Every structure is written in C-alpha cells, then in structure tokens.
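This report refers to the structure that appears directly beneath it.
Note that this is a predicted model, so its numbers are computed, not measured. Because only heavy atoms are used, hydrogens play no part in the values below, and waters and symmetry mates are left out as well, while side chains stay in.
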Amino acid sequence: MPESRSEAETDEKGENPSKNIISVISQFADDNLTIIRNISTGLAIAGVIVISRSIKLITRFGVASEIPARFIEKNVSLRGRVQTITEIGLEVEHIPIYIPVLSPLLAKGGGGVFTLAVHLAGVELTPEGRVWLEQHLSPAQTVWLKLVSREEETLHCLVSVSRGSLRSLCLNEEVLRLGLARTVPVSGLHPQSHLYLRLHQRLLRAEVKAERKGRGMWKEDSLWERTSQAVRDNSLVRLIRRIFKWT
C-alpha cells in the first residue's frame with residue numbers, strides 16, 4: 001500500500017521538515033530580538049529622514065524666497081508666531097513641524113529670530129484696521145498662513161487664528177466684515193484664475209456685509225449728525241456772504 005502524503009513529507013525521525021525550518025527561524029528571531037528591533041528602527045528613522053528632507057517638514061523658513069514653489073502652488077498652510085504688526089500686515093516667525101530626535105539633527109544652525117513679511121491677501125487695511133490687529137493679536141500669538149502667492153520677499157496669505165479646537169477665524173475676512181479694510185486685487189494671481197475668482201468673491205462678500213450694516217468705514221452719519229453738519233455748512237455760507245458784502 002503506498003505511503004500517504006503526510007508520511008512522505010516526514011524525515012527519518014518522523015518530523016516535518018517545514019516545521020523544523022519555521023522553528024529555527026522563530027528561535028533565531030527570539031535570540032536576536034534586540035538586533036532585529038534596532039534594524040527596524042534604523043530603517044524607519046532613515047525613511048523619515050528621507051521624507052522630511054524631500055518635503056521640508058521640519059525646515060524653518062527665515063525669508064519668503066526659501067519656501068518651495070510647490071508650497072505656493074498647492075496653497076500649503078504654515079504655522080507661525082506673530083512678532084509685529086506692519087502697515088501691510090504682519091511680521092511672522094515660522095514654526096516648523098517638530099519631530100522628536102529628528103528636528104534637532106536636521107535643524108539649521110545659527111540663532112536669532114527671522115520673520116516672514118506677510119500681507120493679508122486681497123485686503124488693504126485702514127489705519128483703524130491696523131489698530132484692531134494690534135489689539136486682537138497678542139504678542140507671540142500663533143497664526144496659520146495659507147499661502148496664496150509670493151512677490152519677492154512678501155507672502156500674500158489667508159491668515160487665520162484658532163477659535164477653539166474646531167473653529168478658526170480668517171483675519172482677511174474679519175477686517176473686511178468689520179469695515180476696517182477694503183478689497184483689492186489679489187497680488188500674484190492671474191485675474192481669470194479659479195483661485196483668484198474664488199478668493200475675491202469670498203472677500204467681497206465680507207466687504208458687502210460691512211457696507212450693508214454700516215460698519216467701520218461704511219458707517220453713515222445719523223440724521224442728527226447730518227442735520228447738524230448741514231446747519232454748520234449753512235452758517236458758514238452766510239458768514240462768507242456777509243464778508244463779501246462788507247467788502
């Protein structure tokens with residue numbers, strides 16, 4: 001009677017060779033667990049380093065020209081810390097993503113604080129608007145910069161601040177909504193591009209809302225104020241007439 005398959009696959013001691021191989025590999029892994037873990041960790045770190053270098057996850061940008069063009073094209077959001085309020089917007093220190101162990105290894109040398117010149121995209125601030133930013137942005141407050149375009153060393157961005165874990169406030173829209181700024185063409189974008197039209201419409205809605213509600217620069221004088229002004233103007237006219245009549 002022919003031997004069965006299971007009997008044919010056993011060795012002289014009646015053991016299955018495939019099981020022996022598995023046992024040997026398992027035993028080797030148990031005996032060299034630390035080495036295997038170190039190799040795995042090393043490969044993982046090497047992979048993260050390559051990825052970090054390629055997409056600049058942990059690079060601290062000191063000037064606008066250091067930011068890769070693809071970041072601008074894809075409208076990447078960067079985190080920053082407010083340093084000062086300027087006539088055109090903000091001076092912001094970039095805060096890169098921090099990865100334990102890797103960040104200190106790949107960080108650039110040299111101390112000091114380098115700031116990015118940030119313009120609120122599509123917005124022209126009034127003097128009152130700059131005062132409002134100074135009052136509502138505390139020193140070293142964290143902001144998010146959604147990159148829109150770049151002109152030399154100036155970044156045009158949608159600037160947002162956190163309002164809780166799930167909410168954020170876009171400062172570009174807020175100053176328009178309060179009547180503390182007016183919309184202007186979005187610099188660095190083609191007027192017929194999809195991004196330009198979408199962004200301009202978004203900002204224009206905020207400006208129209210301020211105009212309808214008479215906020216800030218759109219505020220109209222009350223009936224009493226207009227009447228008082230008319231009386232003053234009329235009195236001035238009468239005074240001028242008297243002066244000419246006397247002469």
Side-chain angles (χ1 to χ4, degrees), residues 61 64 67 71-95 115-223 225-226 229:
F61 301 124
I67 299 175
F71 278 34
I72 309 292
E73 295 168 358
K74 295 182 178 181
N75 307 124
V76 170
S77 292
L78 302 178
R79 189 164 58 113
R81 184 182 294 115
V82 176
Q83 295 298 319
T84 57
I85 308 298
T86 67
E87 292 186 359
I88 66 169
L90 315 170
E91 291 284 343
V92 179
E93 177 191 3
H94 174 226
I95 305 175
T115 58
L116 303 171
V118 178
H119 186 282
L120 274 65
V123 168
E124 181 182 334
L125 288 170
T126 63
E128 293 76 16
R130 290 192 288 274
V131 171
W132 185 88
L133 288 178
E134 292 173 349
Q135 294 174 343
H136 289 79
L137 289 178
S138 58
Q141 181 168 350
T142 299
V143 295
W144 285 94
L145 311 173
K146 185 171 185 178
L147 304 174
V148 174
S149 63
R150 173 176 53 195
E151 286 186 319
E152 296 180 351
E153 293 300 341
T154 299
L155 295 172
H156 296 268
C157 307
L158 290 177
V159 183
S160 300
V161 293
S162 176
R163 286 291 184 267
S165 57
L166 299 176
R167 296 176 60 246
S168 63
L169 178 69
C170 177
L171 298 181
N172 305 56
E173 291 181 287
E174 188 65 10
V175 291
L176 289 170
R177 195 179 295 116
L178 296 174
L180 302 176
R182 56 171 53 86
T183 57
V184 294
V186 183
S187 300
L189 294 181
H190 192 282
Q192 298 302 319
S193 67
H194 177 70
L195 177 59
Y196 181 98
L197 295 175
R198 180 162 53 87
L199 180 57
H200 188 66
Q201 289 175 359
R202 174 180 172 181
L203 298 177
L204 194 59
R205 283 196 295 269
E207 184 179 45
V208 169
K209 184 176 293 185
E211 186 175 2
R212 288 176 177 173
K213 295 187 176 182
R215 292 175 174 172
M217 61 186 296
W218 307 106
K219 180 180 179 181
E220 295 184 358
D221 293 335
S222 65
L223 178 61
E225 290 172 331
R226 292 198 299 271
Q229 184 62 42

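Trp218 has its side chain out of reach of Lys213: every pair of non-hydrogen atoms, C-beta onward, lies at least 4.5 Å apart. Proximity of Leu137 to Leu171: side-chain heavy atoms (C-beta onward) are separated by under 4.5 Å at one or more points. Counting heavy atoms from C-beta outward, Val161 and Arg163 have side chains that approach closer than 4.5 Å. Between Glu173 and Leu203 the shortest side-chain heavy-atom distance falls below 4.5 Å. Side-chain contact between Leu180 and Val131 is absent, with no heavy-atom pair separated by less than 4.5 Å. A heavy-atom distance below 4.5 Å is found between the side chains of Glu174 and Arg177. Side-chain contact between Gln201 and Leu204 is absent, with no heavy-atom pair separated by less than 4.5 Å.
Nearest heavy atom pair, residue Met217 against residue Arg182, reads CE-NH2, 2.7 Å. Between Gly122 and Val186, the shortest heavy-atom contact is CA-CG2, 4.0 Å. Scanning both residues, Leu90 and Ile85, for their nearest heavy atoms gives CD2-CD1, 3.3 Å. Between Leu147 and Cys157, the shortest heavy-atom distance links the atoms CD2-SG, 3.9 Å. In this structure, Leu120 and Gly89 approach most closely via the heavy-atom pair CD1-CA, 4.1 Å. In plain terms, the two heavy atoms of His94 and Leu116 that are nearest each other are CB-CD1, 4.0 Å.
In terms of modelled atom types and a separation under 3.5 Å, the side chain of Ser160 and the main chain of Trp144 share no donor-acceptor contact. A donor-acceptor pair under 3.5 Å is formed between the side chain of Glu207 and the backbone N or O of Thr183. A distance-only check finds a donor-acceptor pair linking the side chain of Arg150 to the backbone of Ala64 [under 3.5 Å].
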If you apply the rule side chain to side chain contact (heavy atoms under 4.5 Å, CB included), what do you find for Leu78 with Ile67, and how did you get there?
CA-CA 10 Å; Leu78 302 178; Ile67 299 175; 3.9 Å; yes
Evaluate the criterion side chain to side chain contact (heavy atoms under 4.5 Å, CB included) for residue pair Val159 and Val92; output intermediate values, then yes/no.
CA-CA 11 Å; Val159 183; Val92 179; over 6 Å; no
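Aromatic ring pairs are classed by plane angle as parallel below 30°, tilted from 30° to 60° and perpendicular above 60°; the pair His156 and His119 is tilted.
No side-chain donor from either of Gln83 and Glu91 sits under 3.5 Å from a side-chain acceptor of the other. For the 3.5 Å distance criterion, the side chains of Glu151 and Thr154 fail to qualify, holding no donor opposite an acceptor.
With sequence neighbours left out, Thr84 forms a side-chain hydrogen bond (donor to acceptor under 3.5 Å, both in side chains) with no residue at all.
The stretch residues 176-198 participates, sequence neighbours left out, in these ring-ring contact (aromatic ring centres under 6.0 Å, His included) pairs: Tyr196-His200.
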